[in-house]
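Okay, so here's the structure we're looking at.
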Amino acid sequence: MSGHVYVTRLLVDDAMATLAELGPPLVTGREEPPTAEEMRRDVAGAVAVVSTLTDRVDAALLDAAGPSLRVVANVAVGYDNVDVAAAAERGVVVTNTPGVLDAATADLTMGLVLAAARRIAEGDRFLRTGTPWIWGPRMMTGLDVSAGATLGVVGYGRIGRAVARRARAFDMRVLATPTRTPLGPDDGPVEFRELPELFAESDVVTLHCPLTPGTHHLVDDASLARMKPTALLVNTARGPVVDTDALVRALQEGRLGGAALDVFEGEPRVDPRLLALEQVVLTPHLGSAADRTRSAMCALAVRNVAEVLAGRPALTPV
Ligand code: GLV
């Protein structure tokens, strides 16, 4: 096959239908990720690739596609799985899906903040053990979120700001890392702090930066050492932003209050040491996993493909 659109994984029905109407034939993967070998086979001669964050789109895959390839449309706002420089060298446009998943990701983040602070998952697990219990004044107390707890937002972009808006509704005080993007009317009040101060002052630190060489292991032994021993870390960004070994050490030694993690180093593997810690809440990369959000992400990726194949600029190039 050549001149086709290669969709690495089954998207939502509407997006699959729109893709089928675009014109070029479709080569479609399954619901599960393709193997590297299947990807190389199915990409050969493609004009467009619709990829997901589980697909590694590197120089080798771009070469396997060949010179016909014009666009890689990643169904995610993050694009650390795509070698953007290698794509640019080959004249291939890379697009992502910004904007449409801010609310869903912020909702999940706020859920994780509350779950970690108020020990919701731990309480649920406890009841399921069938252990006899009765209300007690000292039983399973956690962090008072709405008593002015301080939220430190690392990465005050679209998602970070959406989280901050929700946190303010819970009477949290919001700190954030400095940003060059001007603040909109709903983006404050916020106090900007450099990372070391943000780690030190926050009761909850939440990560909303992209994964880049500069943010890899941004949360390491040194940053964890700055955090309050009662503080919570929430990660709905990318797993490798956190050094898992350092996080596990801090939690095991009682130097950190807890963590809520939606993303993992070496995903989909979850470090068994995290599974063993009661003060850790875990979700399987659900940040954007809401029905309308997923439809919007798929639709945006498909529109990007359509625009580029029609010779027009992509809507959301990275
Ligand atoms: C999800 O993690 C995304 O980047 O969209």
Side-chain angles (χ1 to χ4, degrees), residues 7-12 14-15 29 31-33 49-58 71-84 87 93-113 153-163 166 181 205-219 233-242 244 259-270 274 281-305 314-318:
V7 190
T8 62
R9 302 183 62 179
L10 265 189
L11 306 179
V12 301
D14 281 359
E31 207 147 318
E32 304 76 36
V49 175
V50 183
S51 57
T52 71
L53 60 90
T54 58
D55 304 316
R56 185 129 300 284
V57 182
D58 54 12
V71 56
V72 172
N74 206 41
V75 185
V77 66
Y79 49 88
D80 47 281
N81 60 306
V82 182
D83 186 337
V84 178
V93 177
V94 178
T95 67
N96 66 342
T97 60
V100 294
L101 46 71
D102 304 344
T105 308
D107 288 348
L108 185 89
T109 305
M110 203 57 212
L112 290 177
V113 169
V153 182
V154 177
Y156 206 55
R158 282 180 302 263
I159 298 174
R161 292 171 200 216
V163 172
R166 286 155 178 74
T181 315
V205 170
T206 185
L207 305 175
H208 301 290
C209 51
L211 173 62
T212 64
T215 62
H216 182 264
H217 284 188
L218 176 139
V219 178
L233 176 72
V234 179
N235 188 7
T236 57
R238 283 291 183 269
V241 176
V242 178
T244 310
L261 308 171
D262 187 46
V263 288
F264 305 92
E265 280 194 288
E267 210 173 294
R269 181 177 177 273
V270 179
L274 291 170
V281 181
L282 302 162
T283 47
H285 205 146
L286 297 180
S288 65
D291 294 330
R292 284 201 299 195
T293 297
R294 280 292 158 79
S295 293
M297 291 166 70
C298 293
L300 181 51
V302 171
R303 284 175 65 206
N304 273 310
V305 169
L315 298 170
T316 51
V318 305

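A quick note: this is a predicted structure, and the numbers were derived from the prediction, not measured. When a ligand or atom number is given, it counts from 1 through the structure's own listing order. For this chain, numbers begin at 1 and follow the sequence in order.
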Taking only residues two or more places apart in sequence, or in another chain, which ones meet R166 in a salt bridge (charged side-chain N to carboxylate O under 4.0 Å, His left out)? D107
Main-chain N/O of A289 paired to T293 side chain as donor or acceptor, under 3.5 Å: no
Hits for salt bridge (charged side-chain N to carboxylate O under 4.0 Å, His left out) against E31, two or more places apart or cross-chain, chain-then-number order -> none
Contacts of D80 that satisfy salt bridge (charged side-chain N to carboxylate O under 4.0 Å, His left out) - sequence neighbours left out: R238
Residue shell for ligand 1, any heavy atom closer than 4.0 Å, reads L53, A76, V77, G78, L101, R238, H285, M297
Pair N81, T54: side-chain N/O donor-acceptor within cut-off below 3.5 Å: no
Would you say D262's side chain and G287's backbone share a donor-acceptor pair under 3.5 angstrom? yes
